[in-house]
Amino acid sequence: QVQLVDTGGGLVQAGDSLRLSCAASGRTFSDFRMAWFRQAPGREREFVAAISYSYGSTYYADSVQGRFTISRDNAKNTVYLQMNSLKPEDTAVYYCAAKSGLHSTAPERYNYWGQGTQVTVSS
């Protein structure tokens, strides 16, 4: 019943910035949590960042701490991932995801997913 549409990917050079957006529609919950994952070729899906929709608490993978910022806009029912100082290692398909209840970094715990948006960072 929850639909996520993630957009904003593209081809950039190392050091550039991108902002990904994830628009949610349908049924949401007061304890909803939104997250970003990424998956590069030959790698497992990796947790990037998460946010509590009610409290705004944020969580980041060590690899993006200090460079990426997750935020939400309740009026637009949208979550963002601001990515600064991008590195070639950030190249991946980025997926927006959502779940209710406790925070988790495990993709299998998330019930709803966007279609993914490609981020490519050239050196």
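Remember, it's a predicted structure, so these values are computed and weren't measured experimentally.
Atoms CZ and CZ, on Arg45 and Arg38 in that order, are 13.0 Å from each other to the nearest 0.5 Å. Here the straight-line distance linking atom CG of Leu86 with atom OG1 of Thr120 works out to 10.5 Å at 0.5 Å rounding. Rounding to the nearest 0.5 Å gives a distance of 12.0 Å between CH2 of Trp36 and CD1 of Ile51. Expressed to the nearest 0.5 Å, how far OG1 of Thr58 lies from CZ of Arg72 amounts to 10.0 Å.
Contact record, Pro88 with Ser122: CG-C, 4.4 Å, taken as the closest heavy-atom pair. Contact detail for Tyr53 and Asn74: the closest heavy-atom pair is CE2-OD1, 3.2 Å. Closest approach of Lys87 to Val121, counting heavy atoms only: O-CB, 3.3 Å. Residue Met34 comes nearest to Ala24 through the heavy atom pair CE-CB, 4.4 Å, listed as atom of the first residue, atom of the second, then distance. Listed here is the closest heavy atom pair of Leu4 and Cys22: CB-SG, 3.9 Å. In plain terms, the two heavy atoms of Tyr112 and Val2 that are nearest each other are CD2-O, 3.5 Å.
By the 30° and 60° cut-offs, the orientation of the rings of Trp113 relative to Tyr95 is perpendicular.
A continuous path of ILVMFWY side-chain contacts below 4.5 Å connects Val12 to Met83, so both sit in one hydrophobic cluster.
Of the possible polar contacts, one joining the Thr117 side chain to the Gly9 backbone as a donor-acceptor pair under 3.5 Å is found.
Cation-pi contact between Arg19 and Tyr80: present, with separation from the ring centre below 6.0 Å and deviation from the ring axis of at most 45°.
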- [ ] Kindly determine whether Phe47 and Tyr60 satisfy ring pair (Phe, Tyr, Trp, His ring centres under 6.0 Å), including the steps that lead there.
- [x] CA-CA 8 Å; Phe47 172 79; Tyr60 297 95; 8.4 Å; no
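Residues Thr91 and Gln118 meet the side-chain proximity criterion, which asks for heavy atoms closer than 4.5 Å.
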